[in-house]
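These notes concern the structure reproduced below.
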Amino acid sequence: RQSNPADFLEKPHEMSNIKKVIGVVSGKGGVGKSLVTSLMSVLMNRRGHRTAILDADITGPSIPTIFGLREKATGSDLGLYPVRSQMGISVMSLNLLLENESDPVVWRGPVIAGTVKQFWTDVIWSDVDYMFVDMPPGTGDVPLTVFQSIPLDGIIVVTSPQELVSMIVSKAVNMARLMNVPILGIVENMSYVECPDCKKQIKVFGESHIEQTAAEYGLSVLGKIPMDPALAKVCDAGAVELFEGDWLDSAADKLEELA
Ligand code: ADP
Ligand code: MG
């Protein structure tokens, strides 16, 4: 028999006051989940919202790298303190706690889920308008357990044109329905390449079915992100906060409206 999944939801630290929590999910790794989490956070932060990132992708934590965080997180009797990015985004990630970041984390599901839970219950987030959660990839046991411990207000699904988008979206829709959390929209990453000379959008992976799939499920497409070497470069250099792109503003408008 299934109990109500909402019964497992944990309370945040008593010194945290978090208004909106948005989970970022994907069908598999490598489609740009962390990149979308980072960009959305940067956009909201630029718009003057107090923004935070909870890096729940314990076995592949990449948020500290994308933001170029060098400090480690500190703690006191009261709890753990997130690390602030240059522009003031609060981040908590396993990489900010590990002495040696290159040590691979080979933990089983329950330990991973327990760690994420602690990022929610034991971190002193203070006042946050938007918290983005970089979820573990997929819709398996681990993401589901994480799902059950953090009260998400909405979900963003990241897809790429190489994937079987309809299946990923339908899985995400099922997971969201189970938890009674709305899907805010779909972001298609690596959607096209822009010709540097003529500015034409070239669809290297062929026509995408994202609009069709979104319409089928009554969802909106939050944005389409081009395959952009400059974007990969700023992420590798830990300078995502400096990135500018034409398509950024409309994605932020839509997200703000939906959230
Ligand atoms: P995930 O979190 O889903 O595993 P990442 O966000 O880490 O994926 O992205 C995987 C890799 O692809 C990273 O090195 C990232 O910089 C690169 N990447 C993702 N999206 C783009 C894009 N639109 N343009 C260029 N590089 C990208
Ligand atoms: Mg990632």
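Read the numbers this way: they start at 1 and go in the same order the structure lists the ligands and their atoms.
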Using a 4.0 Å cutoff against the non-hydrogen atoms of [X], which atoms of ligand 1 qualify?
X	result
Met227	23 (N), 24 (N)
Gly29	4 (O)
Ile225	23 (N)
Met190	19 (C), 20 (N)

State yes or no: do Phe67 and Leu231 share one hydrophobic cluster built from I, L, V, M, F, W and Y residues joined by side-chain heavy-atom distances below 4.5 Å, directly or via other members?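 Shared cluster, yes.
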- prompt: Can you find a heavy atom in the side chain of Ile58 that is under 4.5 Å from one in the side chain of Trp107?
  reply: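 Side-chain contact under 4.5 Å: yes.
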Is there a side-chain contact between Met179 and Gln148, using heavy atoms and a 4.5 Å cut-off?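 Contact flag for Met179/Gln148 side chains = yes.
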d(Thr213 OG1, Glu188 CD) to nearest 0.5 Å is 9.5 Å
Looking only at non-hydrogen atoms, which of [options] approaches [atom] most closely?
atom	options	value
atom 24 (N) of ligand 1	Val240, Asp228, Ile66, Asp236	Asp228
atom 18 (N) of ligand 1	Leu39, Leu35, Asp57	Leu35
atom 3 (O) of ligand 1	Glu188, Met135, Lys33, Lys28	Lys33
atom 5 (P) of ligand 1	Ala230, Gly32, Gly30, Gly27	Gly32
atom 2 (O) of ligand 1	Pro226, Gly60, Ser34	Ser34

Output yes when a side-chain donor or acceptor of [X] lies under 3.5 Å from a complementary backbone atom of [Y], and no otherwise.
X	Y	answer
Asp129	Arg50	yes
Trp125	Asn17	no
Ser16	Pro12	no
His13	Met15	yes

Could you tell me which residues satisfy side chain to side chain donor-acceptor pair (under 3.5 Å) with [X], sequence neighbours excluded, listed by chain and number?
X	answer
Arg47	Asp249, Asp253, Glu256
Asp122	Gln118
Ser38	none

### Sub-4.0 Å protein heavy atom next to atom 11 (C) of ligand 1
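Within 4.0 Å of atom 11 (C) of ligand 1, no protein heavy atoms are found.
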In the protein, which heavy atom is nearest to atom 16 (O) of ligand 1, and how far is it?
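Looking only at protein heavy atoms, the one closest to atom 16 (O) of ligand 1 is Ala232 CA, 3.9 Å.
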So for Asn189 against ligand 1, with non-hydrogen atoms under 4.0 Å, the contacting part is side chain
| Got an N/O contact under 3.5 Å between Leu231 and ligand 1? |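 The answer is no, given that Leu231 and ligand 1 share no N or O pair closer than 3.5 Å.
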Residue Asp77 excluded, over 12 heavy atoms near CG under 6.0 Å: no
Atoms named by residue and atom, protein N, O or S, within reach of the Mg ion (ligand 2) (under 2.8 Å):
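The answer, once waters are left aside, is Ser34 OG.
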